[in-house]
Amino acid sequence: MIIGLTGGIASGKSTVSDIFKNLGIKIYDGDIIAKNIMAKEEVILELKKNFGKDIFDNEGRLNRKKFKEIVFNNKEKLEILNGIVHPKVIKEFYNIKKETNTKDIVLFDVPLLFETGIDKLCDRVIVVDIDENIQIERIIARDEITIELAKKIIEKQMDRKIKISKADYIIENNGTKEELYNKALDIYREIKKEES
């Protein structure tokens with residue numbers, strides 16, 4: 001069984017992913033897959049061609065903060081980035097699905113699960129939801145960015161209500177880490193029960 005996990009930026013999705021990992025579920029992290037793809041030579045060349053060489057530092061590392069400001073302030077640039085990276089990420093998840101034993105439970109942790117259509121590769125989908133004001137506070141604290149950029153990033157993501165309407169399970173994460181753990185554990189038990 002393939003479980004899709006998604007949620008808006010700073011919703012607590014990664015924490016939920018870690019909880020499932022500690023419960024023995026194999027995790028495939030969309031962010032890590034995308035980062036590995038973006039580190040490939042041919043992709044770096046495409047990024048330099050479309051966004052300029054100065055998005056990389058002297059050691060050749062991508063300046064993520066600078067890059068975020070470019071793509072989230074320019075719709076066309078964001079679409080170009082998605083056009084470069086998304087097809088490669090989708091292909092990777094498609095290959096993982098082909099190689100996954102149907103008896104195993106694996107989790108696809110993908111921020112843009114619905115936007116990329118990767119949800120169609122999943123048997124069940126969990127959405128981690130969060131109140132927007134709490135979300136903005138967490139983004140600013142975590143990424144050390146302005147409130148304006150935090151709001152722009154949220155605006156560019158799929159509406160919370162649409163995500164919730166597509167979910168099989170919803171984890172509301174406006175409370176403590178302990179509450180989040182217990183909610184994730186309940187879903188894990190339900191999935192295990194369903195599988196047996």
Side-chain angles (χ1 to χ4, degrees), residues 2-22 24-100 104 106-122 125-128 135 138-146 149-150 152-158 163:
I2 295 174
I3 311 296
L5 173 68
T6 194
I9 185 172
S11 61
K13 178 185 62 61
S14 298
T15 306
V16 172
S17 185
D18 287 342
I19 293 165
F20 276 92
K21 187 181 180 181
N22 292 332
I25 301 286
K26 180 143 182 63
I27 310 292
Y28 292 97
D29 186 322
D31 279 341
I32 292 170
I33 289 169
K35 272 178 194 165
N36 291 340
I37 285 166
M38 285 172 77
K40 289 181 178 177
E41 195 56 45
E42 71 269 21
V43 177
I44 289 168
L45 290 171
E46 270 192 85
L47 294 175
K48 282 179 180 174
K49 192 177 88 180
N50 286 285
F51 301 98
K53 290 183 176 126
D54 58 343
I55 58 163
F56 292 90
D57 64 19
N58 296 333
E59 278 81 51
R61 286 184 306 250
L62 182 67
N63 181 333
R64 295 197 169 273
K65 199 171 177 182
K66 191 177 195 175
F67 197 46
K68 255 184 200 171
E69 280 172 15
I70 292 169
V71 295
F72 288 109
N73 281 307
N74 185 321
K75 194 182 172 204
E76 281 170 21
K77 294 279 188 195
L78 182 62
E79 282 170 7
I80 291 166
L81 172 66
N82 291 343
I84 294 167
V85 179
H86 286 179
K88 295 172 178 68
V89 173
I90 294 162
K91 191 179 174 190
E92 190 73 28
F93 276 107
Y94 180 77
N95 291 336
I96 293 164
K97 182 183 172 78
K98 273 202 308 193
E99 290 160 19
T100 299
D104 296 336
V106 300
L107 190 136
F108 286 3
D109 173 352
V110 186
L112 301 175
L113 188 80
F114 300 118
E115 295 89 329
T116 54
I118 293 170
D119 62 302
K120 291 173 182 67
L121 302 176
C122 304
V125 172
I126 301 167
V127 169
V128 184
Q135 187 180 22
R138 287 184 187 171
I139 300 168
I140 292 166
R142 188 191 73 184
D143 296 349
E144 295 175 352
I145 58 172
T146 63
L149 185 56
K152 270 186 186 152
I153 293 169
I154 292 168
E155 273 168 31
K156 298 276 188 293
Q157 296 193 331
M158 184 182 274
K163 276 185 187 156

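Fair warning: this is a prediction, and the values are worked out from it, not measured in the lab.
Residues C122 and L113 approach most closely at SG-CD1, 4.2 Å, considering heavy atoms. Scanning all heavy atoms of the two residues, the minimum distance from A10 to Q135 falls at CB-O, 4.1 Å. Listed here is the closest heavy atom pair of K97 and L121: NZ-O, 3.0 Å. Considering all non-hydrogen atoms of both residues, I139 and I145 come closest at CG2-CD1, 3.5 Å.
Applying the ring-ring contact (aromatic ring centres under 6.0 Å, His included) rule to F72 yields no partners; only residues at least two apart in sequence or on another chain are considered. Applying the side chain to side chain donor-acceptor pair (under 3.5 Å) criterion to K120, with sequence neighbours excluded, gives no partner residue. F56 is linked by a ring-ring contact (aromatic ring centres under 6.0 Å, His included) to nothing, counting only residues two or more places apart in sequence or in another chain. S17 pairs by the side chain to side chain donor-acceptor pair (under 3.5 Å) definition with D109, not counting sequence neighbours. Listed by chain and residue number, K75 satisfy the side-chain contact (heavy atoms from CB on, under 4.5 Å) test with E79 (two or more places apart in sequence, or in another chain). Residues satisfying the ring-ring contact (aromatic ring centres under 6.0 Å, His included) criterion with F67, sequence neighbours excluded, are F51. By the salt bridge (charged side-chain N to carboxylate O under 4.0 Å, His left out) test, D18 pairs with no residue at all, sequence neighbours left out. For K40, there are no side chain to side chain donor-acceptor pair (under 3.5 Å) partners, not counting sequence neighbours.
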Practice item. Go through I140 and L149 one step at a time and tell me if the side chain to side chain contact (heavy atoms under 4.5 Å, CB included) criterion holds. Key: CA-CA 9 Å; I140 292 166; L149 185 56; over 6 Å; no
Practice item. Test V89 against T116 for side chain to side chain contact (heavy atoms under 4.5 Å, CB included), laying out the working first. Key: CA-CA 9 Å; V89 173; T116 54; 5.9 Å; no
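Listed by first then second residue, pairs satisfying side-chain hydrogen bond (donor to acceptor under 3.5 Å, both in side chains) with a partner in residues 82-95 read N82-H86, not counting sequence neighbours. Within the structure, side-chain hydrogen bond (donor to acceptor under 3.5 Å, both in side chains) pairs that include any residue of residues 42-66 comprise D57-R61, E59-R61 (at least two apart or interchain).
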Would you be so kind as to tabulate the donor-acceptor pairs closer than 3.5 Å made by side chains of residues 25-35, with sequence neighbours excluded?
from	atom 1	to	atom 2	distance (Å)
D29	OD1	D31	N	2.8
D29	OD1	I32	N	3.3

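Rounded to the nearest 0.5 Å, atoms CG (L107) and CD1 (I19) are 11.5 Å apart. Here the CD1 atom belonging to I37 is positioned 12.5 Å from the CD1 atom belonging to I44, to the nearest 0.5 angstrom. The CZ atom of F108 lies 12.0 Å from the CG atom of L5; values are rounded to the nearest 0.5 Å. The distance from the CZ atom of F93 to the CG atom of D119 is 12.0 Å, given to the nearest 0.5 Å. Taking CD1 of I2 as the start and OG1 of T100 as the end, the distance is 5.0 Å to the nearest 0.5 Å. Rounding to the nearest 0.5 angstrom, the gap separating the CD1 atom in I84 from the CE atom in M38 is 8.0 Å.
Checking side-chain atoms of T6 against main-chain N and O of V110 turns up a donor-acceptor pair under 3.5 Å. In this structure, the side chain of N74 does not engage the main chain of I70 through any donor-acceptor pair within 3.5 Å.
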